[in-house]
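Everything quoted here is computed from the prediction, not taken from an experiment.
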Amino acid sequence: MAQFGRDLDTAAIRIISSEIIDKHTEYLIEVTVGTYTWTVKHRYSDFYELHEKLVSQCKIDKTLLPPKKLFGNQNESFIKKRQTELEIYLQTVLFYMTNKIAPPLAAFLEFHNYEIHGITQTMAEDLYNKGDVLLQLKEVYSVTPLQLHCLTERLKLPEPTCDSGDTKKDIGHILDFITRVKCLHVKGQQHKVGTSNIVMAKLKFDLTLYKSLECLEIEHCDPFLISGLETNKQSIEHLFIHYSLNSIRDIMLQDIPHWKAEDGTTVVSHWENLIEVDFSHNSILHIDDSVQLLPRVEVLDLSYNKLESIEHLNWLSQLTILNLSYNNISHLDSLHTKLGNLKKLNLAGNKLSSLSGLSKLFSLENLDVMDNNISQIPEAKYVCGLPCLECLYLTGNPVTGVLDYRTKVLAMFGDRVVEATLDQEKPTEKELDTVRVVQAIQKSKEKREKMEKEKTTSYTSLRRESESSQTSELGWSTVRPTSLSSSSNQESSYTKSSGQNRTSSTSSMSSLTSSSEHKQDHLEEQTMIGHKMTEKMVKSSKDSSAVNCSKLPTMHDKDFANWMQKRLFGTLTDSEPVAEKIIDILWCMVVQYSNQQVIEPSCVVLTERRIFILRLKKGKSTSMNIPDMETFYIMPLSNIHEVLIGACYSFIRLEESFVSSSGTFALVVTDADAGKSFTDGVENSLKQDQASAGVSPITNHSQYGDLAKHIFKLEDEQGLSTGRLAFAMCVTIAGIEQMAMLLLSENSVYLIDLDCLFWPKPSYITVLEDIKSPNFTFLQNHSIGTKISDITINITFKEKHHHKTLQHQNEIKFEKYGFSMIFHELIGPVGFHVSFFSVKSRDAFLDRLTNLRSEHAHQMSPTIREEPEGGNESSDSQDISSEDDGDISIRVCPASNVTCKDRSFTMAGTNVHSEQLGLSGLSNKLFDVPYLTPELGSHLQESLQCYSLIKPLTTKLEMLAKASGSDLVHYFHSDISLIGSEQEQLHHVMWGTVVPYQDIKHEIVTLIMFSTRSMYFISEQLVKSPVVERPSWMTHSRNKSDSVIGFQVKHLDKHHSSGIIHSSQSRGTIIRSYLVFNYRDLKQVNIGLFDQCVRITGKDQNSVYTIVTRDSMVTQKVLHYLSAMLSIFQSSPMLEKSSSDLEQDFYRAFDKRTKTTIEGMEYTHPSRVQFVYPGEDVITDLLYVITEHLRLPLNAKRKADILMYLQGYIRSSESGGIELFAKSIVLTNQYLCIINEDVVSYPLPDFVRGIPNTPRYFLTECRKVDFLKRILLFKEDSKIATLIFSDEPDDIVVDADHFSLDSDSKGRQSPPEIEIMLFIQSEKEMDKFILLLRNQWRDIQHGNELEVHLL
């Protein structure tokens, strides 16, 4: 590597060429130092700037640089002359700077990229600026072999660590950092560095000084050029090496030929702490015996190498995860003898044709053999029988092309088929049905073979008994050869003679044989009948015209997408561009406005310019296993007048311009997620296709359409809390083929006539009466609080004719899944019988109904009910929990042969047993979360499980704290986030105590969720929310409701947290969000004194809360999370802005957003939220309260200087009991002060028009520091300290009575001791507090040390 001072004799600079670029000349300068050479480009102005700096800093001659020339400077002869002059200039300057090169010249020649000193100084300055941050965040530190080589060579030079004079460039910063860094990534390259001849792969470097390494990743490096690994073996836990190895021995042994001596002793030490090794993407040919040096490895990745066999892995006894994918392995021989405890094995991308070698890996849970040569179904039997196997991947093998491949493989799992996952998909209900049929046929076949074997044995024994019986009766025997024919003849003779008169023995023998034959024939007949019935059932299911829409392929199926592309646009050659790209495919039912009595099961294809409606018809397509289809309608995107989104994405209505009723369609979806995805695709395509139109044709009625408003109005008139739709889907009613809209609000279940599909009326309808007055027909309406019984799924309804039955043109229809339950209304039981078009929709309806009923039961608890006001009115209230104590269960119709997992139902006042409620709801993942990365999930899980507050968690919050990051995100989207906020993302969570403005003495242990839209405060404690008071006219007894619940308190909260985490008791508190703070409503953020708390302020008193962190580091984390989310929210489409707002934000600089006043510093975030920090007036007020309480004279004010302020909890011996009191603790020069502080009311919010009832500071206790006797600390909890005071100082006082001879004299009594137990949230601040207290006590006691006891 180039080093200027050492290689001075061979250093050279010359200008080798010049080039005119954009009317100026650039000179190519070649720099040679030692054996290394590089080039840099500069124009004359760069030379001039360099010269100015050298003149001012190094005092060189001003006339040394050739002068400027304004005219004729592009002349070729002039350029050559100038090139020579500039070369002489550089050589002259370099000659005068032999001992020490000036920084401007080093930067000019790019020494920071190619020279040892320049590179190490750049590294030192970089780590000086951000080294501590990298260490604190435990981030991976990335370096190149060039940097490591330069550092290695620089440390060998007998030079001071700071030879440049700039302390920031002291290599001591590097040494301090590398001895503490945990994760290092060395990323090399094969090509040359920049414009030089330096090749990184040929550079040596040393890792000896990296003493704290836990994770090491190396790429594109020669392992033989790496030294110092021996010193890091005891600390490294994760080792990743890519594109560097030809064998494992290269890194395990390096230059050592053998790792064991002749006597068997180990020459090389083991990697004792290494648990994860990744040697993927190398050129390893075989696994050598050097893997014995990895005794504790649990995860080994050797993918993307050139392995042909598996060997020597039997030494890795703790190995549980092995990745050998994409190698050249063709056979597996008794792998269980080499891998005993393996749980996950990846053999994808090899050349395997048989899985027999895996048949005894009994601990295997996950097996991936994708992209191999497995072609026979029986090969799967070797692994499907493994007792622990849960996931099997066979995609990319020829076996997947076998007819009914999934069914046949799943059948091999036997009774565990429900738990199995094949090719990343759980078996569907239809597959489970088919598997059970296959298993029944197989069992019947096995039973039949067993019976035939027993029959043959029985006939043989009967014949022998018959012969022996005849012999004993007649007294003689006839010996003749036995054969199959004779046996048959004898059997026939027995049968024919059964009715004739014979001897008793012959008659009895004949009847016995006849009876046996009759029984066997009967069994055979029953078996054949069952077999034929099974075949008939399978045949009828295959011939049925019903199509399972959940089994139909989607856009994720590349083969289907390519097939659809060819069907719509024909086959294209490789050179032809794609005419139109398919965006999305939706399987749905289509209703045309001009013919509303006909429903068309269809495939709707969205392309870049059109929407194709392809209706299904009877028959199979030629190349895909799907129904045949024909083009029904083509709608150009440019002609779309309106796209209306139905309630909860249950349907999508398309209206084409200028086509009237024949161009208006309703796409009735069977899966709301698919409907939303298709709608998003239409919206994006319309934005591109109609970018110039300005007005979007999308009308979103998913939550607040006319139908929703109509329902909200009806429920509002009944005094019900309303404001959201929980579920909507089109269903059929009770087998009569009448379609209806099933809608679930917060309070009721509705069945609405399908006429709602075309409301609002299309734009071409001009009859004012039709437009102004919606007429929705409600077929059924039931309250959610009504008792429910007889819940049955998978029931089959007999089809009946109805005047509104929708007709199917081509006898093709989607499969339906029956659902039935009984509502017990006041008039009696009312049946509710519908059929869904997918299992997913049915399950989603059940889940939402369950959650709403539990929420409904909680809200209508008798403790919430408001009783009438008046003297003579009755105050009796019915106890809801006393009704319907029986369990409600789901009954599965036995005819369907489908078993379901129990569901947990918490109906109004009713407990349902199934799974323990706990965290079971968190795993109810009904949708995908695209933004959830492993890193985000890990961050959320770590933050959730990191609970360090002094107050303990309740049992239910403890259960929540044990959830994983993935479960937490799904719980957030299904039960916490607001309806209609699909783009919302959860990024951070943390635990804290929250104090509301309405109740300053109430501390709530809260899980705070930071999303891209709002802050959510989650707790199981009941928080009083704003309510709408009962009208005065309703207080009279004659207006008292006759219903069970009476008047329901109308909560203004429209949040949809259903609280899936709750106790099994009917009155159990639901864990939900008691506050949703939208960033749009956030006006101000106030930071408490010394960063001990954060107050968020909205527009009124109901939106003011203080997060009491009691830890400055946690406060900084809150502010970091909040500012980051505000920045995302400010730049997101959730925040509506005018053009003037955007212009103002663009030109608003940081210094204009920040101002400092006597009240503190105010920083205005670009989202217009003010962050206010406390100023001098807060300290002044606090000092005033302390000095006034102590009544100090003016000349003694110095005694009240604040040394430390913090917030914590106090338990005093004077108060008694074990209750903790939230206090502010202030340590001054001579006093320890305990203060009651109002952390919510101050500073006064803008909406406050008076002085609060409580003062900001109220001093409750004050103790002199010199009265402190001792301090008690505790090993088990470093957050607790007990201070023991006396009422007078510990001075020596002579008491005469103590030396008296009078026996009655008791001497001087010891002063009473007072204990104050402090609970400090931050261990760091506790240590600082104890240190300051001891130092202050030492100063007061003239050097004596305070007693500190560690218990």
Side-chain angles (χ1 to χ4, degrees), residues 406 418 421-434 546-557 584-589 601 603-604 646-652 667-680 702 725-732 739-744 749 791-796 813-821 834-852 890 892-893 896 898-905 920-930 970-971 973-975 979 982 1058 1060:
R406 282 185 57 85
V418 180
T421 299
L422 179 60
D423 297 336
Q424 297 182 339
E425 292 183 9
K426 284 282 188 180
T428 62
E429 291 193 3
K430 185 174 182 179
E431 288 177 340
L432 291 175
D433 290 342
T434 309
V547 178
N548 188 342
C549 58
S550 62
K551 293 283 291 182
L552 294 172
T554 63
M555 272 296 296
H556 300 292
D557 189 334
D584 202 356
I585 298 176
L586 176 67
W587 299 93
C588 63
M589 295 167 288
C603 176
V604 182
C648 298
Y649 294 91
S650 57
F651 68 90
I652 307 164
L667 311 182
V668 182
V669 304
T670 61
D671 181 3
D673 293 337
K676 184 181 182 306
S677 174
F678 188 84
T679 304
D680 294 340
S702 62
L725 300 180
F727 179 84
M729 188 59 61
C730 290
V731 297
T732 59
M739 294 281 290
M741 175 68 69
L742 171 59
L743 193 144
L744 183 63
V749 181
I791 300 175
T792 308
I793 63 175
N794 295 331
I795 188 171
T796 303
K813 53 187 177 181
F814 288 143
E815 281 189 7
K816 291 178 291 187
Y817 301 89
F819 173 79
S820 174
M821 59 184 175
V834 296
S835 293
F836 292 85
F837 290 98
S838 69
V839 176
K840 182 177 180 181
S841 300
R842 182 195 67 197
D843 293 348
F845 169 72
L846 280 172
D847 289 335
R848 283 156 178 74
L849 178 63
T850 303
N851 294 336
L852 284 172
I890 298 179
V892 182
C893 185
S896 63
V898 177
T899 58
C900 289
K901 292 183 178 179
D902 293 339
R903 295 182 177 275
S904 300
F905 281 84
S920 61
L922 286 181
S923 61
N924 192 14
K925 304 172 184 176
L926 299 177
F927 47 83
D928 294 329
V929 184
H970 285 87
Y971 168 57
H973 284 287
S974 61
D975 293 271
I979 290 290
E982 291 81 5
S1058 60
I1060 59 175

Engineer: How would you list, by chain and number, every residue that makes a side chain to side chain donor-acceptor pair (under 3.5 Å) with N548, sequence neighbours excluded?
Structural biologist: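 Per chain and number, N548 pairs via side chain to side chain donor-acceptor pair (under 3.5 Å) with S550, Y817.
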
Engineer: Could you check whether any side-chain N or O of W587 sits under 3.5 Å from a backbone N or O of P601, counting only pairs where one atom can act as donor and the other as acceptor?
Structural biologist: no

Engineer: Go through the structure and list residues passing side chain to side chain donor-acceptor pair (under 3.5 Å) with T679, not counting sequence neighbours.
Structural biologist: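 Applying side chain to side chain donor-acceptor pair (under 3.5 Å) to T679 gives none.
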
Engineer: Can you name the residues that form a side chain to side chain donor-acceptor pair (under 3.5 Å) with S677, not counting sequence neighbours?
Structural biologist: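 S677 satisfies side chain to side chain donor-acceptor pair (under 3.5 Å) with D584 once adjacent residues are dropped.
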
Engineer: For the atom pair CG (L743) and SG (C648), what is the distance rounded to the nearest 0.5 Å?
Structural biologist: 6.5 Å

Engineer: Might you point out which heavy atoms bring A647 and L725 nearest each other, and give the distance in Å?
Structural biologist: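 Closest pair (atom of A647, atom of L725, distance): CB-CD1, 4.0 Å.
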
Engineer: Would you say L849 and M821 make side-chain contact, with heavy atoms under 4.5 Å?
Structural biologist: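 Contact flag for L849/M821 side chains = yes.
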
Engineer: Measuring from atom OG of S841 to atom CG of L846, what distance do you get when rounded to the nearest 0.5 angstrom?
Structural biologist: 11.0 Å

Engineer: How many angstroms lie between OG in S974 and CZ in R848, if you round to the nearest 0.5 Å?
Structural biologist: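 Between atom OG of S974 and atom CZ of R848 there are 8.5 Å.
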
Engineer: Students often mix this up, so state it plainly: with edges at 30° and 60°, are the rings of F727 and F845 parallel, tilted or perpendicular?
Structural biologist: tilted

Engineer: Under 4.5 Å between any side-chain heavy atoms of I585 and T554, yes or no?
Structural biologist: no

Engineer: Who passes side-chain contact (heavy atoms from CB on, under 4.5 Å) against T428, sequence neighbours left out?
Structural biologist: K430, E431, K551

Engineer: Do T670 and F836 have side chains that approach each other closer than 4.5 Å (heavy atoms only, starting at C-beta)?
Structural biologist: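 Side chain of T670 against side chain of F836, heavy atoms only: no contact under 4.5 Å found.
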
Engineer: Once you round to the nearest 0.5 Å, how far does CG of D847 lie from CZ of R842?
Structural biologist: 10.5 Å

Engineer: Looking at SG of C588 and CG of L667, how far apart are the two atoms once the value is rounded to the nearest 0.5 Å?
Structural biologist: 4.5 Å

Engineer: Shortest non-hydrogen contact from S835 to G818?
Structural biologist: OG-CA, 3.8 Å

Engineer: Holding to side-chain contact (heavy atoms from CB on, under 4.5 Å), I want the full list of residues that pass it with D423, two or more places apart in sequence or in another chain.
Structural biologist: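 Counting only residues at least two positions away or on another chain, D423 forms a side-chain contact (heavy atoms from CB on, under 4.5 Å) with Y393, L394, T395, Y405, R406.
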
Engineer: How long is the straight-line distance from CD1 of I652 back to NZ of K676, given to the nearest 0.5 Å?
Structural biologist: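 So the NZ of K676 and the CD1 of I652 are separated by 11.0 Å.
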
Engineer: Taking only residues two or more places apart in sequence or in another chain, which ones pass side chain to side chain donor-acceptor pair (under 3.5 Å) with K426?
Structural biologist: none

Engineer: Fit a plane to each ring of F814 and F837, take the angle between them on a 0 to 90° scale, and name the class: parallel (under 30°), tilted (30 to 60°) or perpendicular (over 60°).
Structural biologist: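 Ring orientation of F814 relative to F837: perpendicular.
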
Engineer: What pair of heavy atoms forms the shortest contact from V669 to M729, and how long is it?
Structural biologist: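 The pair with the smallest heavy-atom distance is O-SD, 3.3 Å.
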
